[in-house]
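A quick write-up on the structure given underneath.
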Amino acid sequence: MAAAKLQAPRGTFDVLPEEALKRRELYRRTWAVLGRGGYRPFDSPAFEDTELFKRGVGESTDIVRKEMFTFEDQGGRSLTLRPEGTAPVCRSYVEHGMHKLPQPVKVWYWGPFFRHERAQAGRYRQFSQVGIEALGSDDPSLDAESILLLAELLEAAGVRETTLKLSSLGTRDSREAYLAQLRRYLREHEGDLSEDVRARVEQNPLRAFDAGHEGTRAVMAGAPQLLDGLSAEDSEHFAEVRELLDDAGVSYEVDPTLVRGLDYYTRTVFEFESERLGAQSGVGGGGRYDGLVEELGGPPTPGVGWAAGIERILLASETRFPGAPRPVYVAIDESGTRRAAFGLVTALREAGIRSEVEQAGRSLKGQMKHASRIEARAVAIVGEGIEWRDMDTGDQRPVTGVQEAVRIAVGMNG
Ligand code: HAM
């Protein structure tokens, strides 16, 4: 019987070297942008107590209802592969008493996240996010700053022509009166709503704005809007965020139907979309979550942040990320020895030169072909002596030894 073919699980993928190089380059640019903004690196575990996401992300969200990879460990504890990074950052803030540090505490993270979604282009079951969170201040300049940093990151990543959608959900308390009004409206039009939306009228009526269902969309076109019912403080906060964005020359669309898929948001919410992504148009998004730390057992602490999908950034990017620098290739002629060649490649690397040595038993002709294929800038042919061949000019000449070969290679670096 033939062995079953093994493949990466559905919704996951290997990152092959060419793509991995782009990711490393994106990471470098990300670090530069977010570091300039005063954000410091942070990592949390890949799995957490299931309870964290139930409480943090919200029982009525798609994520908690049907997308979590949840399992029991040997000790009978329920654990979940993290579907997002905000609840873990807040858990960590509480656990480490970070409210005692100078506020706001600003961190950024980069890593794998897991959601059991229907896999398609731009939507995976294991994906990577870069994100930032700023905890401990409700200053509107933090909202504006975080949006600017995401805009700057997308620009540095070559993601152009994005649309920024912006709205405010108000604080939890001030939202209550509006939610009651929306529930009433939804119940009046119950017959036209999708089953999914109907089932969540009580728990999460805002999700109705996100529905794809045609009947629901028609109903929502006439629904009362939250932006019209914001409290004076919330309106003022939103106006200040917009003013700072206007001053910075960031263009945005105020979209009163923007609700986002996680329950913790209060006040500012935003999302960057790219047409290049097709159906999964969200490149990155986030907002303010002023009640989340308290929800997780900490002191009342405002927070704001966003996350962006690395795969989606790279899909939407127009940049040709630079590849690795061209290597020097050390070839071995019939009269040369493996020892001499290995000694030369080691000396080149010690001098900081990216270099490779023949390791596949090829003839000299085969080695020269291979050197062209890997776009070597020069080949050092080790025989009785060493010949140096410049692959761009085709010039070839003997050199006196390892030292001279290294000197030439370093000189080529300019
Ligand atoms: P989110 O909108 O659920 O927000 O995810 C942020 C980004 O992650 C999306 O815009 C998308 O680029 C990417 N993403 C999400 N799911 C997938 C998937 N299945 N496959 C590929 N990419 C995906 C959050 O996660 C919030 N924690 C953001 C936040 C931080 N809000 C405040 N602070």
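First listed ligand is number 1; within each ligand, the first listed atom is number 1.
With respect to the salt-bridge test (charged N to carboxylate O, under 4.0 angstrom), the residues R267 and D234 qualify.
Rounded to the nearest 0.5 angstrom, W108 CH2 and Y39 OH are separated by 13.0 Å.
Residue, atom and distance of the protein heavy atom nearest to atom 32 (C) of ligand 1 are G305 O, 3.2 Å. With hydrogens left out, the protein atom closest to atom 31 (N) of ligand 1 is Y265 OH, 2.6 Å, a heavy atom. The nearest protein atom to atom 5 (O) of ligand 1, hydrogens excluded, is given as Q129 NE2, 3.1 Å; this is a heavy-atom distance. Of the protein's non-hydrogen atoms, the one nearest atom 20 (N) of ligand 1 is Y124 N, 3.0 Å. Counting protein heavy atoms only, atom 26 (C) of ligand 1 is closest to Y264 OH, 3.3 Å. In terms of protein heavy-atom proximity, atom 18 (C) of ligand 1 is closest to F127 CD2, 3.4 Å. When hydrogens are left out, the protein atom nearest atom 21 (C) of ligand 1 is G122 O, 3.3 Å; that is the closest non-hydrogen contact. Given atom 19 (N) of ligand 1, the protein heavy atom at minimum distance is E117 OE2, 2.6 Å.
Listed by atom number, the atoms of ligand 1 under 4.0 Å from E133 heavy atoms are 30 (C), 32 (C), 33 (N). Heavy-atom contacts of G284 reach the following atoms of ligand 1: 10 (O) (cutoff under 4.0 Å). Atom numbering of ligand 1 starts at 1 in the shown order; those under 4.0 Å from a heavy atom of W306 are 28 (C), 29 (C), 30 (C), 32 (C), 33 (N). Annotation for ligand 1: atoms under 4.0 Å from non-hydrogen atoms of E84 are 25 (O), 26 (C), 27 (N). With ligand atoms numbered from 1 in the order given, ligand 1 contributes 31 (N) to contacts under 4.0 Å with heavy atoms of G286. Counting atoms of ligand 1 from 1 in the listed order, those under 4.0 Å from a heavy atom of L262 are 3 (O), 4 (O), 24 (C). Applying the 4.0 Å criterion to heavy atoms of A307 picks out, from ligand 1, the atoms 6 (C), 7 (C), 28 (C), 29 (C), 30 (C).
Both tests do not hold together for R29 against Y27: distance to the six-membered ring centre under 6.0 Å, angle to the ring axis within 45°.
Remark: ligand 1 and G282 share an N or O pair separated by less than 3.5 Å (distance only, no angle test). For ligand 1, none of its N or O atoms has an N or O atom of Y289 under 3.5 Å away.
Contact annotation: for V283 versus ligand 1, heavy atoms closer than 4.0 Å belong to the backbone alone. For R312, every heavy-atom contact with ligand 1 shorter than 4.0 Å involves the side chain, none the backbone. Counting heavy atoms under 4.0 Å from ligand 1, residue R260 touches it through the side chain alone.
Using a 30° and 60° split on the angle between ring planes, H116 and F69 fall in the tilted class, from 30° to 60°.
Residue E273 forms a side chain to side chain contact (heavy atoms under 4.5 Å, CB included) with just one option from K165, E253, E161, and that option is K165.
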